[in-house]
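Let me begin by presenting the structure, written as structure tokens, before commenting on it.
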Amino acid sequence: MAFPLPILGLLSLSLFLNTNAFATSGVRLGIIRKISPPNVPIFQEAPAFRNGETCGSQPTDGIHIAMTLDANYLRGTMAAVLSILQHSTCPENVEFHFLWARYEPDVLASIKSTFPYLHFNIYRFDSNRVRDKISKSIRQALDQPLNYARIYLAEILPPHVKRIIYLDSDLVVVDDIKNLWKVDLEGKVVAAPEYCHANFTKYFTDLFWSDKKLSSTFSGRKPCYFNTGVMVVDVERWQQGEYTQKLEEWMVVQKQKRIYHLGSLPPFLLVLGGNIKAIDHRWNQHGLGGDNLEGRCRSLHPGPISLLHWSGKGKPWLRLDSRKPCVVDHLWAPYDLYRSSLQLLE
């Protein structure tokens, strides 16, 4: 049985400067005001998870995970966090680093009430840093500034974080996250599953491939597709190699010449394709959300699975709510902490 431990969410200073956001009043000057419903879903409280006997302490054996935080994807984030804690040998050693575009008190309150013992920090990502560098892609969700926040992790995270696991919000982990955390990067800046059978040329336009100066960026490399929704990043090497600036340079080229169609992924491929540490495919069973246009159902790929990822247009919580789920969506459902209006009335 899990027992509550006094672990509080750690918040960046900016949060405490916005305490007036919590000040609301239902009655003023004798006039009854209708209290608006919360802007985010309501979730049931998750169990408290305790460390195993061989875990050590968080400061010395901590596992750092970064995710973006957005009201539209909060239901997915909650499921992802629960899955990580539930399958972890050392859940108290896991520290979450959430990035959001703006202060959202309802989102913060929801995290604290759903995971009262979660060890976490929240940082504001300045959307202006990237807004003028974003080019329109094939799906509007890919054009949101927060989708590009992963590029700036090394600038945002505190100095004690030397390595980070970046995870999208539309996934669940069904293995001990420590096994991903301990992967040997072998001197590389990023580790992720590679998919060399995929048609790499389709990620860039004909204009890019016909321009010898642009396409020569891959000279001396054998680039393969990798999904940036699951990455282990050496933060120090990222900073030393000035990878943020390198990705930004390609985003500027994109604004001028239109060399790709997909959001934040292609700059990563341009800079790091063929130069990452490839890890087992079990750590990103991706594409479960279908393609970026229609989001049709897809089956699982053969082989062992440690992480299920609904990349693509179709999200499991939306398909389940519409009563038109795909078979794989039932693998996400056990981690869904959402309390429907029907449940609230019971």
Side-chain angles (χ1 to χ4, degrees), residues 12 61-69 94-101 120-131 133-134 142 144-169 171 177-195 203 217-218 220-254 260 262-279 283-284 307 309:
S12 60
D61 301 289
I63 297 172
H64 298 277
I65 299 173
M67 302 179 72
T68 57
L69 201 56
V94 179
E95 181 175 354
F96 288 88
H97 302 266
F98 296 119
L99 283 70
W100 60 12
F120 71 94
N121 303 272
I122 300 182
Y123 316 88
R124 180 178 176 269
F125 170 64
D126 184 3
S127 298
N128 293 324
R129 176 71 189 270
V130 73
R131 197 181 301 277
K133 300 180 181 68
I134 297 175
L142 301 176
Q144 302 305 310
L146 201 57
N147 193 43
Y148 290 79
R150 69 196 80 187
I151 296 174
Y152 300 91
L153 278 173
E155 298 180 4
I156 297 172
L157 295 170
H160 74 275
V161 179
K162 309 299 184 185
R163 171 183 288 214
I164 194 77
I165 296 174
Y166 176 84
L167 297 176
D168 276 349
S169 297
L171 55 78
I177 196 68
K178 182 171 65 175
N179 296 328
L180 180 59
W181 174 256
K182 293 171 64 177
V183 66
D184 185 358
L185 271 72
E186 298 180 357
K188 303 295 186 181
V189 68
V190 166
E194 275 188 327
Y195 303 90
Y203 293 101
T217 189
F218 292 119
R221 289 190 276 162
K222 294 182 179 179
C224 295
Y225 163 76
F226 67 95
N227 182 282
T228 57
V230 179
M231 297 185 292
V232 184
V233 181
D234 184 322
V235 178
E236 289 185 311
R237 286 186 180 275
W238 184 283
Q239 293 169 331
Q240 293 165 3
E242 299 183 341
Y243 283 93
T244 295
Q245 291 77 10
K246 291 175 180 177
L247 269 70
E248 285 184 326
E249 288 171 4
W250 279 111
M251 292 164 66
V252 172
V253 174
Q254 162 72 352
Y260 54 79
L262 280 176
S264 62
L265 168 64
F268 276 90
L269 299 180
L270 287 161
V271 174
L272 291 162
N275 194 28
I276 69 169
K277 165 61 179 176
I279 59 176
W283 283 106
N284 197 349
L307 185 149
H309 187 188

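All figures in this text were calculated on a predicted structure; none of them were measured in a lab.
Considering all non-hydrogen atoms of both residues, Arg131 and Pro145 come closest at NH1-CG, 3.9 Å. Nearest heavy-atom pair across Met231 and Phe226 is SD-CE1, 4.3 Å. Across all non-hydrogen atoms, the minimal contact from Trp181 to Gly62 is CZ2-O, 3.4 Å. Nearest heavy atoms, Leu307 versus Trp283: CB-O, 3.6 Å.
Judged as a ring pair (Phe, Tyr, Trp, His ring centres under 6.0 Å), and not counting sequence neighbours, the contacts of Phe96 are Phe98. Applying the side chain to side chain donor-acceptor pair (under 3.5 Å) test to Tyr203 and every residue at least two apart in sequence or in another chain returns nothing. In this view, His309 satisfies the ring pair (Phe, Tyr, Trp, His ring centres under 6.0 Å) rule with no residue, not counting sequence neighbours. Under the side chain to side chain donor-acceptor pair (under 3.5 Å) criterion, Lys188 pairs with Asn275, sequence neighbours left out. Considering only residues two or more places apart in sequence or on other chains, Glu236 meets the salt bridge (charged side-chain N to carboxylate O under 4.0 Å, His left out) condition with Lys162. Applying the salt bridge (charged side-chain N to carboxylate O under 4.0 Å, His left out) rule to Arg221 yields no partners; only residues at least two apart in sequence or on another chain are considered. With sequence neighbours excluded, no residue satisfies ring pair (Phe, Tyr, Trp, His ring centres under 6.0 Å) with Tyr166. Qualifying side-chain contact (heavy atoms from CB on, under 4.5 Å) partners for Ala101, counting only residues two or more places apart in sequence or in other chains: Ser127, Leu146. Applying the ring pair (Phe, Tyr, Trp, His ring centres under 6.0 Å) rule to Phe125 yields the partners Tyr152; only residues at least two apart in sequence or on another chain are considered. Every residue two or more places apart in sequence or in another chain that forms a side chain to side chain donor-acceptor pair (under 3.5 Å) with Trp238 is listed here: Thr244. With sequence neighbours left out, the side-chain contact (heavy atoms from CB on, under 4.5 Å) criterion links Lys246 to Tyr243, Val271. Among residues two or more places apart in sequence or in another chain, the side chain to side chain donor-acceptor pair (under 3.5 Å) test is passed with Glu186 by Lys277.
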(message) Checking Arg129 against Glu248 for the side-chain contact (heavy atoms from CB on, under 4.5 Å) test, could you report, in this order, the C-alpha distance in whole Å, the side-chain angles of both residues, the deciding distance, and whether it holds?
(response) CA-CA 10 Å; Arg129 176 71 189 270; Glu248 285 184 326; 3.4 Å; yes
(request) Under the side-chain contact (heavy atoms from CB on, under 4.5 Å) rule, what do Val183 and Arg163 come out as? Steps first, then yes or no, please. (result) CA-CA 11 Å; Val183 66; Arg163 171 183 288 214; 4.1 Å; yes
(request) Report the C-alpha separation of Leu99 and Leu69 in whole Å, then their side-chain angles, then the decisive distance to 0.1 Å, and conclude whether the side-chain contact (heavy atoms from CB on, under 4.5 Å) test is met. (result) CA-CA 6 Å; Leu99 283 70; Leu69 201 56; over 6 Å; no
(request) Take Lys222 and Glu194 through the test salt bridge (charged side-chain N to carboxylate O under 4.0 Å, His left out) and record every step on the way to the result. (result) CA-CA 11 Å; Lys222 294 182 179 179; Glu194 275 188 327; over 6 Å; no
(request) Show your reasoning for whether side-chain contact (heavy atoms from CB on, under 4.5 Å) applies to Met251 and Val130. (result) CA-CA 9 Å; Met251 292 164 66; Val130 73; 3.4 Å; yes
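Between Tyr123 and His97, the ring planes are parallel. Angles under 30° get that label, and only those over 60° would be called perpendicular.
Between Glu242 and Glu249, every side-chain heavy-atom pair lies at or beyond the 4.5 Å cut-off. Side-chain contact between Leu153 and Val161: absent, with no pair of heavy atoms (C-beta onward) separated by less than 4.5 Å. Using a 4.5 Å cut-off on side-chain heavy atoms (C-beta onward), Lys133 and Tyr148 make no contact.
Atoms CG and CG, on Asn284 and Leu171 in that order, are 7.5 Å from each other to the nearest 0.5 Å. Here Asn227 contributes atom CG and Tyr195 contributes atom OH; the two are 7.0 Å apart, rounded to the nearest 0.5 Å.
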